[in-house]
Amino acid sequence: NIPAITQVIALGYRQTSSWTFGEVAPIRLPDDGGRRKFSPATRADVDAAWVFWSSSDLNRASRGLISHGWQWRDASPTDLETGAKAGHFFQSPDGWLLADQPKPDLLRVLWMATTPEDAPSFLEGVMDLAANRDVEVVAIKAPHLPWMTEAIARIGGEPREILIFSKAI
């Protein structure tokens with residue numbers, strides 16, 4: 001949408017990062033012996049997840065941002081601690097996930113820490129988590145990286161690039 005982008009730039013905003021967005025209807029996948037299974041993470045898992053993410057491609061591409069609905073802000077370990085207390089922070093052999101469920105039929109991925117090699121299995125685990133919660137739609141927002149876009153497409157999503165703009169206050 002070139003006119004909207006031009007207007008935002010004219011108002012003094014600058015492009016901060018690019019993200020990929022995809023909505024997927026979750027499906028139950030065949031049992032893989034628990035590899036994809038997410039389990040609740042605790043506050044004790046926060047440091048490991050944060051250190052891993054801080055040095056990852058996902059952090060660099062996101063410019064350190066976390067999504068909350070259609071708003072982005074700087075991520076912090078407090079996000080994970082708060083998520084752990086609320087039961088929104090999960091772990092699996094493929095990485096860590098912060099997700100919320102603002103409506104009974106929607107699971108939103110807010111933050112993730114995984115690798116390019118594990119991303120497909122990681123997102124399959126997200127689908128399994130959502131299916132076990134009887135969710136109808138999983139909304140995934142992730143930094144725009146080729147391997148993440150491919151992983152979203154692989155689970156049935158139609159990834160779209162979204163541009164994030166910010167303005168200094």
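For the single chain, residues carry numbers from 1 onward in sequence order.
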Start with the C-alpha distance between Asp118 and Ser121, add both sets of side-chain angles, then the distance that settles side chain to side chain contact (heavy atoms under 4.5 Å, CB included), and finish with yes or no.
CA-CA 6 Å; Asp118 291 330; Ser121 182; 5.6 Å; no

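- The aromatic rings of Phe52 and Trp96 lie tilted to each other, with the angle between the two planes from 30° to 60°.
- Val109 has its side chain out of reach of Lys141: every pair of non-hydrogen atoms, C-beta onward, lies at least 4.5 Å apart.
- By the neighbour-count criterion of 12 heavy atoms within 6.0 Å, atom CD of Gln7 is sparsely surrounded, having that number or fewer from other residues, nucleotides or ligands.
- Within 6.0 Å of atom CD in Gln101, more than 12 heavy atoms from other residues, nucleotides or ligands are found, so the atom counts as buried in its surroundings.
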Passes side chain to side chain contact (heavy atoms under 4.5 Å, CB included), His68 versus Asp79? Steps please.
CA-CA 11 Å; His68 285 278; Asp79 294 314; 4.3 Å; yes

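- Pro26 approaches Val135 most closely through the heavy-atom pair CG-O, 3.1 Å.
- Around atom CZ of Arg73, more than 12 heavy atoms belonging to other residues, nucleotides or ligands sit under 6.0 Å away.
- Both Trp53 and Ile66 belong to a common hydrophobic cluster when Ile, Leu, Val, Met, Phe, Trp and Tyr are linked at side-chain heavy-atom distances under 4.5 angstrom.
- Ile140 places a side-chain heavy atom less than 4.5 Å from the side chain of Met112.
- The shortest non-hydrogen separation linking Arg133 to Phe90 is NH2-CZ, 3.2 Å.
- In this structure, the side chain of Asn132 does not engage the main chain of Leu129 through any donor-acceptor pair within 3.5 Å.
- Note: Arg108 CZ to Lys103 NZ = 9.5 Å, rounded to the nearest 0.5 Å.
- Heavy-atom contacts from other residues, nucleotides or ligands closer than 6.0 Å to CD of Gln71 number 12 or fewer.
- For the atom pair Asn59 CG and Trp111 CH2, the distance stands at 9.5 Å (nearest 0.5 Å).
- The cluster map of Ile, Leu, Val, Met, Phe, Trp and Tyr, joined by side-chain heavy atoms under 4.5 Å apart, puts Trp50 and Leu110 in the same cluster.
- Closest approach of Ala84 to Ala41, counting heavy atoms only: CB-O, 3.9 Å.
- In this structure, Trp72 and Thr16 have side chains that are not in contact, with every pair of non-hydrogen atoms separated by 4.5 Å or more.
- Asp45 and Thr42 share a side-chain donor-acceptor pair at under 3.5 Å.
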Is there a side chain to side chain contact (heavy atoms under 4.5 Å, CB included) between Val137 and Leu107 once you walk through the steps?
CA-CA 6 Å; Val137 176; Leu107 181 78; over 6 Å; no

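- Separation of atoms CZ (Arg60) and OG (Ser54) is listed at 10.5 Å; rounding is to 0.5 Å.
- Taking 4.5 Å as the limit, every side-chain heavy atom of Leu163 sits out of range of all side-chain heavy atoms of Val8.
- In the hydrophobic clustering of ILVMFWY residues, with side-chain heavy atoms under 4.5 Å counting as a link, Tyr13 and Ile5 come out together.
- To the nearest 0.5 Å, atom CG of residue Asp94 and atom NZ of residue Lys37 are 12.5 Å apart.
- Taking CD1 of Ile162 as the reference point, atom OG of Ser18 lies at 9.0 Å (rounded to 0.5 Å).
- Between Met148 and Leu58 the shortest side-chain heavy-atom distance falls below 4.5 Å.
- Contact detail for Ala119 and Thr114: the closest heavy-atom pair is N-OG1, 3.9 Å.
- Aromatic ring centres of Phe38 and Phe122 lie closer together than 6.0 Å.
- Side-chain contact between Pro146 and Thr149 is absent, with no heavy atoms from C-beta onward closer than 4.5 Å.
- Contact of the Phe21 side chain with the Ser67 side chain is not registered, since no non-hydrogen atoms from C-beta on lie closer than 4.5 Å.
- Here the side chains of Ser39 and Gln91 are in contact, with some heavy-atom distance below 4.5 Å.
- Atom CZ of Arg63 and atom CH2 of Trp19 lie 12.0 Å apart (nearest 0.5 Å).
- Taking each heavy atom of Ala61 and Ser17 in turn, the nearest pair found is O-CB, 3.6 Å.
- Here the closest non-hydrogen pair linking Leu145 and Thr20 is N-OG1, 4.4 Å.
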